[in-house]
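Here it is, the structure, as C-alpha cells.
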Amino acid sequence: MELISGNTYWPSTLEQTLDFPPLAEDINCDVLIIGGGMGGSLCSRLLGERQVDTVLIDKRRLVHGSSSANTGLLQYSNDKTLTSFINTFGETNGVLFYRMCRDALNQLDQLAATLYRDPSFIRRSSLYYASTAEDVQVLLEEYKQLTRFGFPVEYWDEHQVAARFPFRKPAALYTHEDAEVNPFLFAHGLLQSASRLGVRLYEHTEAKHFEFNDNEVVCHTNGGIIRAKKVIFATGYETQEIKTDRGAVLESSYAIATNPIGDAPLWHEQCLIWETARPYLYIRSTQEGRIIIGGLDEPVLDAKQREIRLLHQQHKLLQALQEHFPGVTFQIDYAWAAVFGSSHDGLPYIGSHPRFPNCYFLEGYGGNGTVTSMVAAQLLADELTGTHRPEMELFSLTRPTKPSPETTEPMI
C-alpha cells in the first residue's frame with residue numbers, strides 16, 4: 001500500500017539517520033514486532049526495558065511509513081467526544097478510555113525525557129472550537145461530562161475566544177495537559193533506545209509468509225526465517241491487507257507546513273487548535289516557527305489520484321490558515337497526503353485474533369494514533385510479561401460492529 005504522497009516535513013529535522021541492516025540469517029526470539037513506526041517503536045522500547053528477547057522488522061526503512069506523515073498532536077480528547085463514547089459504550093467504559101488516554105500522554109512525556117534525541121515534546125493546551133452556532137450545545141454537553149469526571153477543561157464563549165485569537169468562533173473548550181511532538185524524532189529515539197536495551201532491529205526486511213503453530217509463529221522473510229513465541233503486528237493501516245475483517249474506514253488526509261514565520265507566537269499559548277466540523281481542520285506550531293495545518297479528509301485511496309488531489313487540497317489548507325490568521329503571509333514549504341483510518345466505533349483495535357494464534361494486533365486508528373498506540377504498547381507489554389489486562393477486552397478485534405451501552409460489559 002502506498003501510504004504517503006508529496007513531501008513530508010519531519011524527515012528534514014533529523015540530521016543523522018539511523019541505519020540498521022536487513023535480516024540475513026535465521027533467528028529465534030520471544031517476541032517479533034512487525035512494523036517500525038510509532039506503535040512498533042513504543043512496543044520495542046517497553047519490551048526492551050523488561051528484557052524481553054525482542055526482534056523488530058520493517059519492509060521499509062524504519063519510521064518511513066505513516067509515522068513520517070504524523071502531525072504530532074497529542075490529546076486525551078478524541079475524534080469522538082467523551083459524551084459520544086458514554087452513549088456508545090456506557091459511562092464506565094467511556095470514562096475509562098479517556099482516562100487511559102490521559103495516562104498515556106503522561107507516559108509519552110516520561111519516555112520523551114529519557115531519549116538521546118530531543119523529540120520536541122512540549123505540553124500544550126488545546127482549543128476545540130464550535131465550527132457553527134449549532135455546535136455550541138455539543139460543546140456545552142461535552143464540557144459538562146469532562147468536568148464531571150475530572151478532566152481539566154474550560155468553557156469559553158465567543159468573546160473569550162476573540163480576546164485570545166485573531167478569529168471569532170461561537171464557543172470553544174480549552175483543554176489542558178495535551179502535548180505536541182516531532183513524531184519522526186520521537187519514534188527514532190524510541191528505536192535507538194530499544195536497540196541499546198538489546199532489541200534487534202532490521203530494515204528492508206519484509207514478512208512474506210507465516211506458519212502459525214501451537215507454541216510459535218514462523219515468519220518467512222526475504223532475508224531469513226524468524227521463529228518467535230509471540231508476534232505483534234504493528235503494521236498501521238497496512239494491517240487492513242492482513243486481516244479480512246478490517247473494521248476500519250481508510251481515507252486520505254492532507255497537511256502542509258509553512259515557512260518559518262518568526263519567534264513571536266501567533267496565538268494564545270501556541271495551543272493545539274481543532275474544530276467540531278467533520279472532517280475537521282487542525283493547526284499547530286513547530287519549534288522551528290512553522291505552522292502545520294491539516295485535514296480535508298476524503299475517500300481517495302489511489303496513490304496517483306491522491307497526488308493530483310494534493311495540488312488542490314494544499315491550497316485549500318493555505319486559504320483556511322490565512323482565514324484564521326489574516327494578518328500573516330504564509331508560504332507552503334512542505335505538503336503531503338497520507339492514508340488515514342478510523343474504526344467504526346472510535347476505539348482502536350488492540351489484542352489477539354482467533355485466526356492468528358500467538359499473535360497480537362496494534363491498530364491505533366483515529367486522529368489520536370500516537371496516544372492510543374501508547375495505550376496499546378502498555379497493555380501488550382503487560383500481557384506478554386505475565387500481567388493480565390482485562391481492559392483489552394474493550395479494544396477486542398472481534399467486538400460487535402454496532403456496540404451499545406446495554407451490551408458492552410464494564411472493564412473495571
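Just so it is clear, the model here is predicted, and its values are computed rather than measured.
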Exercise. Using the six-membered ring wherever Trp is involved, compare the ring planes of Phe233 and Phe356 and label them parallel, tilted or perpendicular (cut-offs 30° and 60°).
Key: perpendicular
Quiz item: With under 30° as parallel and over 60° as perpendicular, where do the rings of Trp156 and Tyr174 fit, or are they tilted in between?
Solution: parallel
Quiz item: Does the pair Glu91/Arg148 count as a salt bridge with the N-to-O cut at 4.0 Å?
Solution: yes
Quiz item: Does a side-chain N-to-carboxylate-O contact under 4.0 Å join Arg124 and Asp178?
Solution: no
Practice problem: Check side-chain contact (heavy atoms from CB on, under 4.5 Å) between Thr83 and all other residues, then give those that pass, not counting sequence neighbours. | Solution: Thr81, Asn87, Glu141, Glu142, Gln145
Exercise. Under the side-chain contact (heavy atoms from CB on, under 4.5 Å) rule, collect the residues that match up with Pro170, sequence neighbours excluded.
Key: Ala130, Val136
Exercise. Taking Asn222 for its side chain and Glu206 for its backbone only, find out whether a donor-acceptor pair lies under 3.5 Å.
Key: yes
Quiz prompt | Carboxylate-amine/guanidinium proximity below 4.0 Å for Asp53 and Arg200 | solution = yes
Quiz prompt | Test applied, side-chain hydrogen bond (donor to acceptor under 3.5 Å, both in side chains); reference residue, Tyr254; option that passes from Lys316, Glu298, Gln313 | solution = Glu298
Quiz prompt | Inter- and intrachain pairs under ring pair (Phe, Tyr, Trp, His ring centres under 6.0 Å), touching residues 40-69, at least two apart | solution = His64-Phe184
Self-check item: Asp118: partners by side-chain hydrogen bond (donor to acceptor under 3.5 Å, both in side chains), with sequence neighbours left out
Solution: none
Practice problem: Mark yes or no for whether Tyr9, through its side chain, and Tyr334, through its backbone, hold a donor-acceptor pair below 3.5 Å. | Solution: no
Exercise. Under the salt bridge (Lys or Arg N to Asp or Glu O under 4.0 Å) rule, collect the residues that match up with Lys144, sequence neighbours excluded.
Key: none
Quiz prompt | Minimum heavy-atom distance Ser373-Gly364, with the two atoms named | solution = OG-CA, 4.3 Å
Quiz prompt | All side-chain contact (heavy atoms from CB on, under 4.5 Å) counterparts of Asp103, not counting sequence neighbours | solution = none
Quiz prompt | By salt bridge (Lys or Arg N to Asp or Glu O under 4.0 Å) - contacts of Arg168 (at least two apart) | solution = Glu158
Self-check item: Test ring-ring contact (aromatic ring centres under 6.0 Å, His included) applied to His312 - qualifying residues, sequence neighbours left out
Solution: none
Quiz item: Residues two or more places apart in sequence or in another chain: which of them pass salt bridge (Lys or Arg N to Asp or Glu O under 4.0 Å) with Glu49?
Solution: Arg45
Exercise. Not counting sequence neighbours, which residues clear side-chain contact (heavy atoms from CB on, under 4.5 Å) with Ser5? List them please.
Key: Arg306, Glu307, Ala337
Self-check item: For Arg117, salt bridge (Lys or Arg N to Asp or Glu O under 4.0 Å) partners two or more places apart
Solution: none
Quiz item: Residues in side-chain hydrogen bond (donor to acceptor under 3.5 Å, both in side chains) with Asn78, at least two apart?
Solution: none
